[in-house]
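Written below as structure tokens is the structure these notes are about.
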Amino acid sequence: MVSGSDSHGTPILFKAEKLGISPEELAKKSHKEISQTFKKLSLIYENYSTTTTKNHEEIVHNVFLVLKERGYLYTQKSKQYFDEKVGRFLPDRYVRGICPECGATNARGDECPECGKFLKPEDLIDPYSTLSDTKPVFKETEHFYLDLKKLEPQLKKWIDKSSDNWRKWVREFSKGWIREGLEPREVTRDMNFGISVPVEGWEGKVLYVWIEAVIGYLSASIEWAQKIGKPQEWEEFWKDPKCKHFYFIAGGNTSFHTIIWPAELLAYSEKYTDDSLWNKYKLPGESKREPLTLPYDVPSNKMLLFKGKKMSKGDGTSLDADSLLEKYSEDLIRFFFVRYAPENHDREFEWKDFLDCNNNELVANLGNFINRTLTFVQSKFGGTVPEGEIEKEVQEQIETSFKEIGKHIERCEFVKASEALLKFGDFSNKYFNDKAPWVSYKENIKECSNTIYNSIQLVNALRTLIKPFIPNASNKLRDMLNIKNEYDPNEELTTKGVVSQLENSWYLEEIPSLTKLGDIKILFEKIDREEERP
RNA sequence: CGCGGGGUAGAGCAGUGGCAGCUCGUCAGGCUCAUAACCUGAAGGUCGUUGGUUCGAAUCCAACCCCCGCAACCA
């Protein structure tokens, strides 16, 4: 699993200008911050890279040139507004003027905020640049365009064939794009921040971030292979048709992963059927002459709304992981955003849900069962797992849950997976209640032992079942159950950057009788509702 | 205008042709091992509107209404 910070966005550029530092510096700083946040959330990657590396630039150039040679890139001249004082071409929204429709004086080059009419910058009356307040001039510029139209038939064929397992909205949204017909897209910009254009005479322009950032998935994989000292290893992931690629992204980026990136991959893969290109444009460590793998699934989420609106940093309606981490546990944050993820439609974020998730689901359901079982062993059996035999009902529940939750995770149905997890908690609490070991303890110690033995097995199953969601809690539980020398893929990933035995981690071994437990601690802390946020 | 998603109990959501479900909240009861946690039961819905197809529709079809997103030189 690889990812990285997309560093060449316009927001970085403008924010850097505001702070008076170079965009490169700011990109570096935010990448560091994001990496730390991920670490705090136990989001572990084989490689979490950035798009400012030399490696990335080299690979982007390679891809660009292959696309160019295959005829998917062409140049075209156009006239755009240019701010002579600042010496820069102006994005549409940096040109303002009077709306030709309604006469509003604050119309932007892309849209009039008063009447909602979509505009072109040249429609504006008395245009001015928001960068210098001077009147911009029309100036000719030249750009490269990606000929998406030419790729449309292949793309359509691919989507029709491979989107059946996608989330409905992702599939329909992507098919809608194709149905409407794809237009060529500008891939270069008049800017000095970004990946250079690898063509003579194009100094001073850079590649547009949208075409270049997605290539980061490939360059991060290649970088990873080099880091672990096996420069060819990335091909195992990119050229084996059995290897399925999942792209976990925010909804707004869907088209870049279901249309643009596949288009780039399809076009690039023509390299493998062209002798001269194959010899000329090898990727680092490349030896297999086979096409690159296209996405298997793009499970993107819809929007999490805050007071009915899209979250936005500008107006204080954003929730970011860092401020949540100051107050709440990693486990709660991870579990909440899976449990209440807007997988199929927008969803309103409510603090009440956040607290309910903690107090009712993590604490009262899962945590309580774990705690009542472990403290029972502690107080009645001196911290040693009593003797017993696994009951059929318990065994079946455990097997069913492993199967069901595993199935949901494979299908990227994470909300359903979390629901199944809570059902397992319900079963366990009910089992404990029905068996009433606090009664049998006085009347029939053998039956009591058996109940507790079975409860311990349920706790242990829970330990593994929660691991994908809340690995931190799972590890704490492992220590409480005093399990030693167990293979932990996350640990191997953190220390070596690889996972060697993935297929063995979704299984269960019984905790034998007479096992001595470790220290019992509260796994999830209850949150006082009075401290609710505004 | 166009494209896509959604409109189901007080709240949040599942449910794509066969007696309307889940979680929380509310009310009543049980238990006391457990973080006042756990278990049982009850109340609560004309499934956005109108029409159609069908023995049967939340589910299929048509039209309409409302909310959201996309539609950008924002990635």
Side-chain angles (χ1 to χ4, degrees), chain A residues 6 8-12 14 78 80-81 89-95 108-111 118-121 143 167-180 185-186 188-191 208-214 249-256 260 302-303 305 308-310 339-340 342-350 352-353 355-357 359-365 367-380 413 415-416 418-419 422-423 425-426 428-441 448 451-452 455 520-527:
Chain A
D6 152 31
H8 296 131
T10 326
I12 293 258
F14 289 116
S78 64
Q80 289 183 5
Y81 272 124
F89 280 95
L90 295 166
D92 287 0
R93 52 166 45 198
Y94 288 86
V95 184
R108 293 193 314 245
D110 56 344
E111 183 181 6
F118 296 115
L119 304 170
K120 285 182 182 167
H143 284 294
R167 288 181 184 164
K168 189 184 163 197
W169 82 267
V170 173
R171 182 175 59 240
E172 295 306 321
F173 171 82
S174 305
K175 284 186 171 176
W177 258 61
I178 305 263
R179 256 200 311 275
E180 283 190 65
R185 266 181 100 99
E186 206 174 284
T188 50
R189 297 189 92 175
D190 288 292
M191 258 172 68
Y208 210 137
V209 62
W210 64 262
I211 190 179
E212 156 266 299
V214 283
I249 56 165
N253 281 320
T254 306
S255 54
F256 291 94
I260 307 277
K302 302 275 300 189
M303 213 63 80
L305 305 171
K309 296 220 162 152
K310 194 171 146 178
R339 179 90 184 84
Y340 291 83
E343 286 179 349
N344 300 307
H345 46 83
D346 295 340
R347 186 179 176 124
E348 180 72 19
F349 171 83
E350 306 268 8
K352 184 185 169 299
D353 289 338
L355 296 173
D356 280 351
C357 178
N359 292 351
N360 295 338
E361 299 182 341
L362 287 180
V363 173
N365 182 333
N368 179 54
F369 173 67
I370 290 164
N371 193 47
R372 70 202 294 205
T373 299
L374 297 184
T375 51
F376 200 97
V377 174
Q378 199 80 303
S379 61
K380 303 287 197 290
E413 298 164 345
V415 171
K416 285 192 172 145
S418 67
E419 280 168 0
L422 293 170
K423 263 191 210 142
D426 282 339
S428 304
N429 273 313
K430 186 163 157 45
Y431 171 82
F432 202 95
N433 245 64
D434 291 349
K435 295 284 176 178
W438 59 92
V439 175
S440 60
Y441 180 70
C448 176
T451 301
I452 295 304
S455 299
I520 309 304
K521 287 178 208 131
I522 294 284
L523 197 54
F524 306 110
E525 293 286 345
K526 197 159 176 163
I527 299 170

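Proteins come first, then strands; the chains are lettered A, B, ... in the order of their sequence lines, and each starts at number 1. Computed from a prediction, not measured in an experiment: that's the story for all the values here.
Summarising the geometry, the separation between NZ on A/Lys380 and C1' on B/A34 is reported as 10 Å, rounded to the nearest angstrom. Per the geometry, CD belonging to A/Glu343 stands 23 Å off P belonging to B/C68, to the nearest Å. Taking atom CD on A/Glu361 and atom C1' on B/C22, their separation rounds to 11 Å, with Å as the unit. Atom CZ in A/Arg339 sits about 9 Å away from atom C1' in B/C13, given to the nearest Å. Going from atom CD1 of A/Ile452 over to atom P of B/A34 covers 11 Å, rounded to whole Å. Atom NZ of A/Lys416 and atom P of B/A14 are 8 Å apart (whole Å).
Separating the P atom of B/G44 from that of B/A20 is a span of 15 Å, rounded to the nearest Å. Comparing B/A28 with B/A43, their P atoms are spaced 15 Å from each other, to the whole Å. The gap from the C1' atom of B/G18 to that of B/A58 amounts to 13 Å, rounded to the nearest Å. Atom name P, nucleotides B/A72 and B/G4: the rounded distance is 16 Å, in whole Å. Atom name C1', nucleotides B/C66 and B/G29: the rounded distance is 43 Å, in whole Å. Taking atom P on both B/U59 and B/U54, the two are 16 Å apart, rounded to the nearest angstrom. On the C1' atoms, B/A34 is 43 Å away from B/C68, given to the nearest whole Å. Nucleotides B/A36 and B/C60 have their P atoms positioned 47 Å apart, rounded to a whole Å.
Residues A/Cys357 and A/Asp353 fail the side-chain proximity criterion, which asks for heavy atoms closer than 4.5 Å. Looking at heavy atoms from C-beta onward, A/Phe376 lies in side-chain contact with A/Trp438 at the 4.5 angstrom threshold.
The partner of B/U59 cannot be assigned: no Watson-Crick or G-U wobble pair with both contacts below 3.5 Å exists in any strand. B/A14 is unpaired under the criterion used here, namely a Watson-Crick or G-U wobble arrangement in which both key atom distances are under 3.5 Å. B/C33 is unpaired under the Watson-Crick or G-U wobble criterion, no partner having all donor-acceptor distances under 3.5 Å. Pair assignment for B/C70 gives B/G2, based on Watson-Crick or G-U wobble hydrogen-bonding distances that are each under 3.5 Å. As the counterpart of B/C47, no nucleotide is assigned, since no Watson-Crick or G-U wobble pattern has both distances under 3.5 Å. Pairing for B/G41 is with B/C27, a Watson-Crick or G-U wobble pair whose two hydrogen-bonding atom distances lie under 3.5 Å.
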Going 5' to 3' through nucleotides 35-41 of chain B and flagging B where a protein heavy-atom sits under 4.0 Å of the base, S where only the sugar-phosphate is that close, and - otherwise, we get B-SBSS-

B/S/- contact track for nucleotides 57-64 of chain B, protein heavy atom under 4.0 Å = --------

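By the side-chain contact (heavy atoms from CB on, under 4.5 Å) test, A/Phe89 is found to be paired with A/Gln80, A/Phe82, A/Lys139, A/Thr141, A/Asp190, residues two or more places apart in sequence or in another chain being considered. Applying the side-chain hydrogen bond (donor to acceptor under 3.5 Å, both in side chains) test to A/Arg171 and every residue at least two apart in sequence or in another chain returns nothing. Every residue meeting the side-chain hydrogen bond (donor to acceptor under 3.5 Å, both in side chains) condition with A/Thr254, not counting sequence neighbours, appears here in chain and number order: A/Ser300. For A/Phe524, there are no ring-ring contact (aromatic ring centres under 6.0 Å, His included) partners two or more places apart in sequence or in a different chain. In this structure, the salt bridge (charged side-chain N to carboxylate O under 4.0 Å, His left out) partners of A/Arg167, at least two apart in sequence or on a different chain, are A/Glu343. Applying the salt bridge (charged side-chain N to carboxylate O under 4.0 Å, His left out) rule to A/Lys430 yields the partners A/Asp434; only residues at least two apart in sequence or on another chain are considered. Every residue meeting the side-chain hydrogen bond (donor to acceptor under 3.5 Å, both in side chains) condition with A/Glu186, not counting sequence neighbours, appears here in chain and number order: A/Tyr145. Under the rule for a salt bridge (charged side-chain N to carboxylate O under 4.0 Å, His left out), A/Lys416 has no partner lying at least two apart in sequence or in another chain. When the side-chain hydrogen bond (donor to acceptor under 3.5 Å, both in side chains) test is applied to A/Arg372, the partners found at least two apart in sequence or on another chain are A/Asn429, A/Asn433.
When the nearest nucleotides of RNA chain B are assigned to A/Ser379 and A/Tyr340 by heavy-atom distance, the more 5′-ward of the two goes with A/Tyr340. Taking the nucleotide of RNA chain B with the nearest heavy atom to each of A/Asp353 and A/Pro437, the more 5' of the two is matched to A/Asp353.
Ring planes of A/Phe369 and A/Phe432: perpendicular class, angle over 60° (limits at 30 and 60°).
Nucleic acid contact for A/Lys175: none, since no nucleic acid atom lies under 4.0 Å from a heavy atom of the residue. Among the protein residues, A/Glu186 comes within range of no part of the nucleic acid, since none of its heavy atoms lies under 4.0 Å from any strand. Counting non-hydrogen atoms under 4.0 angstrom, A/Phe89 reaches nothing in the nucleic acid.
Within the structure, every side-chain polar atom (N or O) of A/Lys435 is placed at least 4.0 Å from both OP1 and OP2 of B/C31.
Remark: the backbone N or O of A/Asn360 is not paired with any side-chain donor or acceptor of A/Asn365 at under 3.5 angstrom. In terms of modelled atom types and a separation under 3.5 Å, the side chain of A/Asn359 and the main chain of A/Ile527 share a donor-acceptor contact.
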Give me, pair by pair, the N or O atoms of the protein and of nucleotides 2-5 of chain B that are less than 3.5 Å apart, along with how far apart they are.
| residue | atom | partner | partner atom | Å |
| --- | --- | --- | --- | --- |
| B/C3 | O4' | A/Glu180 | OE2 | 3.2 |
| B/G4 | OP1 | A/Arg179 | NH2 | 2.9 |
| B/G5 | O2' | A/Asn344 | O | 3.1 |

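By the 5.5 Å and 30° criteria, A/Phe376 is not stacked with the base of B/C33.
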